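Input: a single structure, listed below in structure tokens.
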Amino acid sequence: MTAQPFNQGSIARRFAAWLHARPRVRLALLLAAPVAWLVVAYLGSLAVLFVNSFWQRDEFTGLVQRTFTLDNFVELLTTPLYGTVLLRTVTMAATVTLTCAVLAFPIAFYMARVASPRVRGLLAVAVLMPLWSSYLIKAYSWRLILSEEGLLNWLLGPLGLRGPGQTEIGLWLVFTYLWLPYMILPLYAGLERIPSSLLEASSDLGARAVTTFRRVIFPLVIPALAAGSIFTFSLTLGDYVAPSLITTTQFVGNLIFLNFGAPDLPFAAALSLAPLGVMLVYLLVARRLGAFSSL
Amino acid sequence: MIKGRLAAIVGIVAIVAAACGTGASPAPSFDLPTAVGDGEGELSVLAWPGYAEDGSYDPAVNWVKPFEDETGCKVTVQVFGTSDEAFSLFSTNPTKYDVISASGDASLRLVRAGYVQPVNMDLVPNYADIFPALKDKPYNTVDGVHYGAPHGRGSNLLMWRTDKIATAPTSWAQMFDANPSWGKQVSVYDAPIYIADAAVVLMSTKPDLKITNPYALDDTQFAAVVDLLKQQKPNISQYWVDYTKQQQAFESGDATIGTTWQVITYLLQSEDPPIPVDVIKPVEGATGWSDTWMINSKTTHLNCAYKWLNHIVSPEVNAQIAAWFGEAPGNSKSCGLSQADQDNCDFFHANDDAFWKDVWYWQTPETACVDGRTDVKCKGFDDWVKAWTEIKG
Amino acid sequence: MSRWLGRFALRASTVAVLLFIYVPLVVVIAYAFNSSGTTSWPPAGFSTRWVEAAIENTGLRAAFMTSIGIAVAASSIALALGTVAAFAVARYEFFGREAVSFVVVFPIALPGIVTGMALSTTFATTGLPLGFLSIVVAHATFCVVLVYNNVIARVRRTGSSLEEASADLGADAWQTFRRVTFPAIRSAMLAGALLAFALSFDEVIVTIFTAGGVTTLPIWIFQSFRLANQVPLVNVAGLAAILLSVIPVFVASRLTTDSSGAGRI
């Protein structure tokens, strides 16, 4: 590394020196692009969505008419169907999150605390790989697995059992499958950060495994669980592709997509505010639980 | 304080929302072209699956390649599953598709929204041979102006697996049975227009409702139809939009009976090993379709579009499509081309107008009753969409 | 004894979960080589006809290339925005710093259908056309956080003392960046970019809303579901995705030197 002589002040160098003395300008330059993108493009588009929900459309041609109306919200709040479907979707999202957490814990724990570094690396790759295989293909593959003459019934047949078939229970299985890696990885990261000394101290003080888990491990991985749950909850909440491939049941995403295609953009926009609201609340709760420091 | 803030926000939103004018765009006024020139080299087709085959399924099933060779117009095909999807694709991509095969429940919406242009039938010579029953119909002609070339017509059918249902069904009403012997194995089309199918059933089973047209339903009639559909819902194992989905369901035992298109039956029967299915038009009649090939009002490939229209409704190609898809051709000369074509015409009643009397072509329901009644208001498309989501639950 | 039982149960459940994860992928491979085009199990026999048909299918090839183009563009933009934002938040104190961290997660944390609807209505309301660019914009937006998380974690760990030392020794800002900062963070940047690439390549819901007729690979797969001749090719596309996924995952896991696995999602 050679130092530049003082009299070779190129413009770039002088600009760099000028910037060096002005941290605020540096900050502004750094922040300008991302903030413009996120605030203008993204938050702005959410605002447009919000505005659209107050508009109407011509029933026959589907063209949006920019006249103010509260009809969409009246329809949403007075028809029991929408409340039912939203509740159904939130329940499914919560159930899937729980199942993912339960299934993810043993493997994450094994990876974080028991496996040798070589096995740990292999397992990390093994868990990440399915994330890269196409989501559509995985969902489609499950449709074939769950069908009457598919793999699941073929496996369970000799035992005298039958699979859930292409029903909501089957869908729950599919969602759990699809989002499991999103829960394993943050959980693994969180479990890994727990200092071994804490666990040793806990057993030195006479706690059995279950107690150590309940009082030491679990509270410490809550941020990681919250982080992972953001994905499992959100991905289930808005999905319409997997439900339409696997079941005949409608979820919030299906309703939004149906109205988008009708086309009834204003009503679809109004409907979209429901999962948006639910997720905003969820994110605030997750932030409280420390998810964002752990992401 | 919080209330004040909230009111302010709502107020701002209201101002913003009302600040802009209405969004409807008037239909462009038109000078009809007087001659078809050379092709522009490209054509984008939006079609029902099975209408624009290019040999990739079966090399013998190909009428796109000959068109490309003859006219130099390179064709890209996109398929859709329902008329609503077709309309939505058209409205979100106003310049993408040059031609579209529109059923009656899309054609008028396209016309009124200004998405398709009037067609000069003198430039489509094969139009002259189209069956009179398909010409100048409300779904393809508005105020005497033609908006497209009639394609052919078909009926929705009732299909069942003969190895799982011993006595052949004869009526749609059996598919709406609350406790059918085949259990939760019914497969139905996933679009609000399916409500008309239930209305067709009630036309037979509940004549006192006085339904004369399944697309013109007033409040009482509509309520009865919705109840019938809610009764059917627990037995439905599948809603299909992609015909491959229904094909798979019948193949793998997830569905045993359902509403179908003939092409699906053909595909199931030609599988290896063939799936044992049979198909009928039930006694109550059925809903069906009469499609029109329409041209985008913003197309930049007008010559190719006209050439395509003429190609599709030519006797040979129209006969091929009718045989492949399983419907009645639109061109009267398609029947005389060969014995097989004559058989196809007979099988699908191409020349038998009596057969079509109880087939109700898809059309968009409107609040101004389409059966002409002026004393009541009928349920419009909006109500059908909302009711459909409610029925699905 | 109970310790051994506990160990055994842990190992067994790990294996069980791994089986759960991989069996459906094996099913995809099985169907890709199924000699019959039907979907019943077990497969009728072995055949490579679908692989051959897939290689010849021009639509599939075009969709594949389109997806790669979009993913490269989107992850490049996400790389730029995410890195810059990460530096701003990690190295400076300013009003709204917490908010930036919070908001940058929104596009990926909010359900895809909400993001898709928002972007779609914005394009419709402003009259901007949908197409390749609108998809790139959408993808870049939710990929920023992947780069941001990886880079900020690394920047925080690296600390600014090395940079200060470099400045003390007379290097200008550009030299410091090039020789001190960048080598420290580039593997995190790459890991983030790889994750962004993967997400963009596979995304379907937001893409459907912003595609405007462009066919990406997931959209091609979606359309194939409805064409009888193309349904079996879908499994081949899945097989290709599975095989291709090994490379970047392996690379990404090697890149992040901290032992918390291959990058942060």
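No experiment lies behind these values; they were computed from the predicted model shown. Letters A, B, ... are given to chains in the order of the sequence lines, protein chains preceding strands, and every chain is numbered from 1.
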Next on the checklist: How about CZ on C/R178, more than 12 heavy atoms from neighbouring residues, nucleotides or ligands closer than 6.0 Å, or not?
Outcome noted: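 Yes - once you tally the heavy atoms of other residues, nucleotides and ligands closer than 6.0 Å, there are more than 12.
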
So for [X], is it side chain, backbone, both, or neither that comes closer than 4.5 Å to the heavy atoms of chain C?
X      : value
A/F257 : both
A/L235 : neither
A/L43  : side chain
A/Y110 : both
A/L123 : side chain
A/S147 : neither
A/N153 : neither
A/L180 : side chain

Which of the residues [options] is involved in the greatest number of heavy-atom pairs with chain A at under 4.5 angstrom?
options                     : value
C/A85, C/A109, C/G82        : C/A109
C/I21, C/V23, C/I221, C/V28 : C/I21
C/P107, C/S13, C/A88        : C/P107

Taking side chain as everything from C-beta outward and backbone as N, CA, C, O, which of these in [X] sits under 4.5 Å from a heavy atom of chain A? Side chain, backbone, both or neither.
X      : value
C/L239 : neither
C/V137 : both
C/V234 : both
C/T126 : neither
C/I152 : neither
C/Y92  : side chain
C/F222 : both

Next on the checklist: Check this for me, if you would: do C/R179 and C/E163 make a salt bridge, where the nitrogen-to-carboxylate-oxygen distance has to be below 4.0 angstrom?
Outcome noted: no

Within the distance-only criterion (no hydrogens, no angle test), does the side chain of [X] pair as donor or acceptor with the backbone N or O of [Y] below 3.5 angstrom?
X      : Y      : result
C/E164 : C/D168 : no
C/N150 : C/A191 : no
C/S200 : C/A196 : no
A/N259 : A/L255 : yes
A/T89  : A/V252 : yes
A/R66  : A/N52  : no
C/R97  : C/V89  : yes

Next on the checklist: In the structure I gave you, are the side-chain heavy atoms of A/L152 and C/W41 within less than 4.5 Å of one another anywhere?
Outcome noted: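 Counting from C-beta outward, A/L152 and C/W41 never come under 4.5 Å.
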
Using a cut-off of under 4.5 Å for heavy-atom pairs, which of [options] has the most such pairs with chain C?
options                        : result
A/L103, A/L271, A/I107         : A/I107
A/E148, A/M111, A/M279         : A/M279
A/A108, A/A33, A/A126          : A/A126
A/S234, A/G238, A/S133         : A/S234
A/I184, A/L283, A/L191, A/L245 : A/L283
A/Y177, A/F105, A/Y135, A/W154 : A/Y177

Item to check | C/Y31 and A/S141 side chains, donor-acceptor separation under 3.5 Å | outcome: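 On atom types as modelled, these side chains do not qualify, holding no pair under 3.5 Å.
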
Item to check | Polar contact flag, side-chain donor to acceptor under 3.5 angstrom, C/T210-C/H139 | outcome: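 Judged by distance alone, the side chains do not pair up.
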
Checklist outcome for this item: Residues at least two apart in sequence or cross-chain that pass salt bridge (charged side-chain N to carboxylate O under 4.0 Å, His left out) with C/E98, listed by chain then number, are A/R287

Checklist entry - Of C/L110, C/V103, C/V104, which is the lone residue that meets side-chain contact (heavy atoms from CB on, under 4.5 Å) with A/Y42? => result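 Single pass found, and it is C/L110.
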
